[in-house]
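Here the structure is laid out as structure tokens; the discussion comes afterwards.
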Amino acid sequence: MATAVSTPDTTTAEPVPADDAAVQVVLLDAALLVRDECNARETDTEPDEKLINSVKALGVEEPVSVRPREDGTYGVFKGWRRSQAQQIANASAEQDGRPVRQVRAYVRTDLVGNDAWTRFLSLVENDHRQDMDARDTLKAQELALIGMDEADLKRATKALGVKRGAAKQARAAQRLDDATLRRAAAGGMDLEQTAQLAEVESVPGAERRLLDALRKDQEAGQGGRGHWDQTMALLRTEQAHAAEREKITAELAKAEIPLLPTPSPYSYGPKDTAQPLDQLTTGLGNPLTEDMHRNCPGHSARLDEDNKPVWHCTDPAKHGHKVRPQPKKPRTEADEQAAEERRKVIACNRAWKAAVGPRQEFVARLVRMKTLPEEARVFAQEILLTLPYFYRSWTDKPESETVARFLGIKDAEHADLTQTAAQLPKARLASALFAHIAAACEYGIREPKTWAHLYPWQARYLLLLEALGQANNGSYQLSEVENQAVAGHRPATA
């Protein structure tokens, strides 16, 4: 039974809201209520004892939201737990001397056949409740946003505070297990960040490092994500390095070349008899190359820090090779320090390479701002007027792809900057100039070992970006290795 109401004391139709002519408020028989297939909540769907007792005493005070079904029932997409509580209460009402109550409901005839918007409205309702399961939220976001037309998608993403790619992000985030999803939500990760965590979760310590970066951004209190972006860039680099290593390992296995484990720095355990070929000779004392050694039963490899195979023989004495005579020296403290320094150099080189992405993305954002920050304009004008060596040497090279990317030109690799110059509005001249100067700066710091010794102009460029990032709500932060590199160039503070 369905009765239109405006108050509990009347059976006349409630005035229809001016902004939604399809909504009716009616009293429905609780037995006609079923869970709508687009209800976002799929976990913890049963009413608890507290809710049941409240409904037994007072009924369902807040209207639920339903849409009609062909079989005469109503699908509840908001308020299913309340509806079940009334059904439970009605089942024992006569026995307990209580009235059998109907349920006030908003009947959304306009949503019949519109599953995407129904799921979205259910998501919004449930997401505002503290006990909404994270996985239910993600699944509902994905399914709702995928099925929307352009107009509804624009409204929905704005209401949810997400970007246009939210459906794909929600799908990616669902790869995380329940415990990780809960920790991500508790740490304050938004949908995009949760999806990015899923992207790099295979990297050891990824979750901890991202939560730490998020905490630093939150403590800065500017709403930016500079620390997060730098950490993600480094994690992606490490992930790519691991993937490359896995690929090369598979190629060696396919070629039936054993991959030797990294030798232990300690003396215990089986003796490692393997030697690299560059330390071996043939029986006659001639150099031993990979081609010459390929058919040796001891042919094997180890991977260096850059995932390049270093060819070895597992047992030179057994297979008739000679070890090049070298004076044996006991390992000293200086050797240990040199090894540690080597590890640091490798880590810094990798981190410097990873920092390129967030830095250049920030430059692109600066260039595409409606108005270029004044500090960036002055920096670009100074370089153009003084023509320092790094800029003059860069202009001799036909390198325009980076400039095109900063300007937001599609297919930057094949961009025609002559055409771009002809179409460039006067108001964008300063931004284009900065894009040009920034591309020259980026070229000048492209080498992985640049961090070890910065020239003053290189440090000035990085410190300018740092200051502009702080002024832009902390949207860009220098990475750890960049901070380390510019430390000696920072102005002295009193």
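Because the structure is a prediction, the values reported are computed rather than measured.
For the pair Lys78 and Glu62, the salt-bridge criterion is not met [side-chain N within less than 4.0 Å of a carboxylate O]. Ion pairing between a basic and an acidic side chain is recognised when a charged N comes within 4.0 Å of a carboxylate O; Arg175 and Glu201 show no such pairing. A salt bridge is absent between Glu442 and Arg446: the closest approach of a Lys/Arg side-chain nitrogen to an acidic carboxylate oxygen does not fall below 4.0 angstrom. The existence of a salt bridge linking Asp212 and Arg215 is confirmed by a sub-4.0 Å separation between a basic side-chain nitrogen and an acidic carboxylate oxygen.
Residues forming a ring-ring contact (aromatic ring centres under 6.0 Å, His included) with Tyr476 (at least two apart in sequence, or on another chain): Phe362. Partners of Glu374 by salt bridge (Lys or Arg N to Asp or Glu O under 4.0 Å), not counting sequence neighbours, listed by chain and number: Arg377. Qualifying side-chain contact (heavy atoms from CB on, under 4.5 Å) partners for Ala240, counting only residues two or more places apart in sequence or in other chains: none. For the ring-ring contact (aromatic ring centres under 6.0 Å, His included) test, residues two or more places apart in sequence or in another chain that qualify with His453 are Tyr455. Annotation: salt bridge (Lys or Arg N to Asp or Glu O under 4.0 Å) contacts of Glu61 (sequence neighbours excluded): none. Applying the ring-ring contact (aromatic ring centres under 6.0 Å, His included) rule to Trp311 yields the partners His299; only residues at least two apart in sequence or on another chain are considered. In this structure, the side-chain contact (heavy atoms from CB on, under 4.5 Å) partners of Asp229, at least two apart in sequence or on a different chain, are Arg225, Pro358. For Arg236, the salt bridge (Lys or Arg N to Asp or Glu O under 4.0 Å) partners are Glu199, not counting sequence neighbours. In terms of the salt bridge (Lys or Arg N to Asp or Glu O under 4.0 Å) criterion, residue partners of Arg302 (sequence neighbours excluded) are, by chain and number, Asp272.
Annotation for Ile409 and Ala415: closest pair CG2-CB, 3.8 Å, computed over non-hydrogen atoms. Smallest separation of non-hydrogen atoms from Ala85 and Leu51: CB-CG, 4.0 Å. Across all their heavy atoms, Arg82 and Val60 have their closest contact at O-CG2, 3.5 Å. Nearest heavy atoms, Ala354 versus Ala233: O-CB, 3.3 Å. In this structure, Leu214 and Gly188 approach most closely via the heavy-atom pair CD2-C, 3.7 Å. Shown here for Leu234 and Ala351, the closest heavy-atom pair between the two residues is CD1-CA, 3.7 Å.
Within the 4.5 Å cutoff, no side-chain heavy atoms of Asn349 are placed close to those of Glu305. Within the 4.5 Å cutoff, the side chain of Glu251 has no heavy atoms near those of the Ile257 side chain. Residues Thr420 and Val403 form no side-chain contact, since every pair of their non-hydrogen atoms from C-beta on lies 4.5 Å or further apart. Side chains of Lys247 and Asn307 form no contact here, defined as non-hydrogen atoms less than 4.5 Å apart. Side-chain contact check for Arg209 versus Val203: some heavy-atom pair is nearer than 4.5 Å. The closest side-chain heavy-atom distance from Glu46 to Gln84 is below 4.5 Å. Cys38 places none of its side-chain heavy atoms less than 4.5 Å from the side chain of Trp117. A heavy-atom distance below 4.5 Å is found between the side chains of Leu366 and Leu465.
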Determine all donor-acceptor pairs shorter than 3.5 Å in which one atom belongs to a side chain in residues 385-392; sequence neighbours excluded.
residue	atom	partner	partner atom	Å
Thr386	OG1	Glu382	O	2.7
Tyr391	OH	His436	ND1	2.9
Arg392	NE	Leu387	O	2.7

Could you give the side-chain donor-acceptor pairs of residues 423-430 under 3.5 Å, partners two or more places apart or in another chain?
residue	atom	partner	partner atom	Å
Arg428	NH1	Met369	O	2.7
Arg428	NH1	Ser431	OG	3.4
Arg428	NH2	Val367	O	2.4

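No more than 12 heavy-atom neighbours from other residues, nucleotides or ligands sit within 6.0 angstrom of NZ on Lys370. Counting heavy-atom neighbours within 6.0 Å of Gln239 CD, excluding the residue itself, gives a total above 12.
Checking side-chain atoms of Asp306 against main-chain N and O of Lys308 turns up no donor-acceptor pair under 3.5 Å. A donor-acceptor contact shorter than 3.5 Å is absent between the side chain of Glu375 and the backbone of Leu468. Side chain of Arg365 to main chain of Ser475: a donor-acceptor pair is present (N/O by atom type, distance under 3.5 Å, no hydrogens or angles). Side chain of Glu244 to backbone of His241: no donor-acceptor contact under 3.5 angstrom is found. With Asp217 contributing its side chain and Trp228 its backbone, the two residues share a donor-acceptor pair below 3.5 Å. The main-chain N or O of Gln222 is never found under 3.5 Å from a side-chain atom of Gln470 such that the two would form a donor-acceptor pair. The main-chain N or O of Phe77 is found under 3.5 Å from a side-chain atom of Ser122 such that the two form a donor-acceptor pair. His489 places a side-chain N or O within 3.5 Å of a backbone atom of Leu454 that can act as its donor or acceptor partner.
Sequence neighbours left out, not one pair with a member in residues 398-423 passes salt bridge (Lys or Arg N to Asp or Glu O under 4.0 Å).
The distance from the CD atom of Gln484 to the OG atom of Ser479 is 9.5 Å, given to the nearest 0.5 Å. Note: Phe434 CZ to Ile383 CD1 = 10.5 Å, rounded to the nearest 0.5 Å. The distance from atom CG of Asn114 to atom CZ of Arg108, rounded to the nearest 0.5 Å, is 9.5 Å. Atom OG1 of Thr180 sits about 4.5 Å away from atom CZ of Arg183, to the nearest 0.5 Å.
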Candidate pair Glu340 and Lys344, rule salt bridge (Lys or Arg N to Asp or Glu O under 4.0 Å), full reasoning: CA-CA 6 Å; Glu340 179 59 32; Lys344 180 179 178 181; over 6 Å; no

Side chain to side chain contact (heavy atoms under 4.5 Å, CB included) between Tyr74 and Ser83, intermediate numbers included: CA-CA 11 Å; Tyr74 295 83; Ser83 300; over 6 Å; no

What do the steps show when you test Thr194 against Leu181 for side chain to side chain contact (heavy atoms under 4.5 Å, CB included), and what is the final call? CA-CA 8 Å; Thr194 306; Leu181 276 175; 3.8 Å; yes

Between Gln193 and Asp190, does a side chain to side chain contact (heavy atoms under 4.5 Å, CB included) hold up when you go through it step by step? CA-CA 5 Å; Gln193 290 170 325; Asp190 61 24; 3.1 Å; yes

Side chain to side chain contact (heavy atoms under 4.5 Å, CB included) between Leu433 and Leu372, intermediate numbers included: CA-CA 10 Å; Leu433 174 60; Leu372 184 73; over 6 Å; no

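When each of Gln477, Gln230, Arg490 is tested with Asn483 by the rule side-chain hydrogen bond (donor to acceptor under 3.5 Å, both in side chains), just one qualifies, namely Arg490.
A donor atom on one side chain and an acceptor atom on the other are not found under 3.5 Å apart for Thr45 and Arg35.
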